Amino acid sequence: MEDYKYLFKVVLVGNAGVGKTCLVRKFTQGIFPPGQSATIGVDFMIKTVKVGNDKIKLQIWDTAGQERFRSITQSYYRSAHAIVLVYDVSCQPSFDCLPEWLGEIESYANRRVLKILVGNKVDKGDEREVPERIGRDFSDVNHFDYFLETSALDATNVDQLFEQVATRLTNDMKITDERVHQYRADATNTSSSSGGPIKLIDRAQTQLNSCCSRQ
Ligand SMILES: Nc1nc2c(ncn2[C@@H]2O[C@H](COP(=O)(O)OP(=O)(O)OP(=O)(O)O)[C@@H](O)[C@H]2O)c(=O)[nH]1
């Protein structure tokens, strides 16, 4: 049996060249790949992290930003637990395309997916074109769950990004687990105090009858 508590699927999207592959490789392998070539279709890597005492497996899907792969990458949204939308803080057009990417997320992802906005390449100080405040405002206005500026080159906030994703998803999952547990406990108590499932149906039928007879 695998020794992890949860497995989460995290999908990175955003324009070509914003640094999605470099972020994933920095986090999973600790390297900044020199001369990283464009992603073809999709690629994935796995890394296990600790959230409290729990081992969490992150399956991280790195999608191609190029338009011609859009129909392939769209099919990866649906089963994602989290979507990380990346732009390049030194490239205004990559920020200007965010509404288009949001449209893709809204069309193809699960309604309750965790959404994270990331401005990458903060190491390029003087070449910055998108101020942090503008990124944060966009994140707030569009209801992202989290906003972060990163650098895959010098590792700024890279571990924090994926650890936040793992922590938030784990906390959400634990709340869901607790609700299911509570629901089951309630159902068991109700059925044992009423003499079992047949009695429940009887009771529902009685209630239905009495409500109808009131008319
Ligand atoms: N200065 C700097 N350059 C970066 C950073 N991250 C990526 N790059 C560079 O940006 C270029 C594109 O990086 P990729 O990781 O291939 O970008 P991508 O978003 O995966 O691109 P696609 O696969 O085409 O969608 C490469 O030349 C990287 O070296 C960063 O944090 N800082």
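Nothing here was measured: the structure is a model prediction, and the numbers come from that model. In listed order, ligands and their atoms are each counted from 1.
- Each of the atoms 1 (N), 30 (C), 31 (O), 32 (N) of ligand 1 lies under 4.0 Å from some heavy atom of Leu153.
- Taking each of Gln36, Lys121, Arg25 in turn, the one with a heavy atom nearest to atom 11 (C) of ligand 1 proves to be Lys121.
- Asn157 and Thr150 form no side-chain donor-acceptor contact under 3.5 Å, judged by distance and modelled atom types alone.
- Comment: Arg136 does not engage Asp140 in a salt bridge, judged by the lack of any side-chain N to carboxylate O separation of less than 4.0 angstrom.
- Distances below 4.0 Å separate heavy atoms of Lys20 from the following atoms of ligand 1: 15 (O), 17 (O), 18 (P), 19 (O), 20 (O), 21 (O), 22 (P), 25 (O).
- The shortest N or O to N or O distance between Gly17 and ligand 1 is under 3.5 Å.
- Below 3.5 Å of separation, one finds no N or O of Asp62 facing any N or O of ligand 1.
- Annotation: cation-pi geometry not satisfied between Lys55 and Tyr4 (NZ/CZ under 6.0 angstrom from ring centroid, within 45° of ring axis).
- Listed by number with element, the atoms of ligand 1 under 4.0 Å from a non-hydrogen atom of Lys124 are 1 (N).
- Within the listing of ligand 1, atoms 25 (O) sit less than 4.0 angstrom from a heavy atom of Ala64.
- Scanning the protein for heavy atoms near atom 29 (O) of ligand 1, the closest one is Phe32 CZ, 3.3 Å.
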Name the atoms and distances for all side-chain donor-acceptor pairs under 3.5 Å in residues 43-53, with sequence neighbours left out.
unit_1	atom_1	unit_2	atom_2	d
Lys47	NZ	Phe27	O	2.8

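- Considering backbone and side-chain N/O of Ala16, none are found under 3.5 Å from N/O of ligand 1.
- Within the 4.0 Å heavy-atom criterion, the part of Asp123 lying near ligand 1 is the side chain and not the backbone.
- Close contacts of ligand 1 with Ala38, meaning ligand atoms under 4.0 Å from a residue heavy atom, involve 23 (O), 24 (O).
- Note: no N/O pair closer than 3.5 Å links Gln66 and ligand 1 by distance alone.
- Every atom of ligand 1 with a heavy atom of Gly65 under 4.0 Å away is listed here by number and element: 22 (P), 25 (O).
- With Ile40, Asn120, Thr156, Val122 as candidates, the residue nearest to atom 6 (N) of ligand 1 on a non-hydrogen basis is Asn120.
- For the residue pair Lys9/Ser79, the side-chain donor-acceptor check at 3.5 Å is satisfied.
- Checked against a 3.5 angstrom limit, the closest N/O atoms of Gly19 and ligand 1 fall inside it.
- Thr39 places no side-chain N or O within 3.5 Å of a backbone atom of Val42 that could act as its donor or acceptor partner.
- Taking a cutoff of 4.0 Å between a charged side-chain nitrogen and a carboxylate oxygen, Glu149 and Arg128 qualify as a salt bridge.
- Salt-bridge check for Asp54 with Lys174: passed, with a basic side-chain N closer than 4.0 Å to an acidic carboxylate O.
- The atoms of ligand 1 that sit less than 4.0 Å from any heavy atom of Cys22 are 6 (N), 7 (C), 13 (O), 15 (O), 28 (C).
- Neither side chain, Arg70 nor Gln74, offers a donor N or O lying under 3.5 Å from an acceptor on the other.
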Using side chain to side chain donor-acceptor pair (under 3.5 Å), reason through Asp88 and Ser94 one step at a time and then give a plain yes or no. CA-CA 6 Å; Asp88 172 351; Ser94 73; 5.4 Å; no
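- Close contacts between ligand 1 and Ala152 involve ligand atoms 6 (N), 30 (C), 31 (O) [criterion: under 4.0 Å to a heavy atom].
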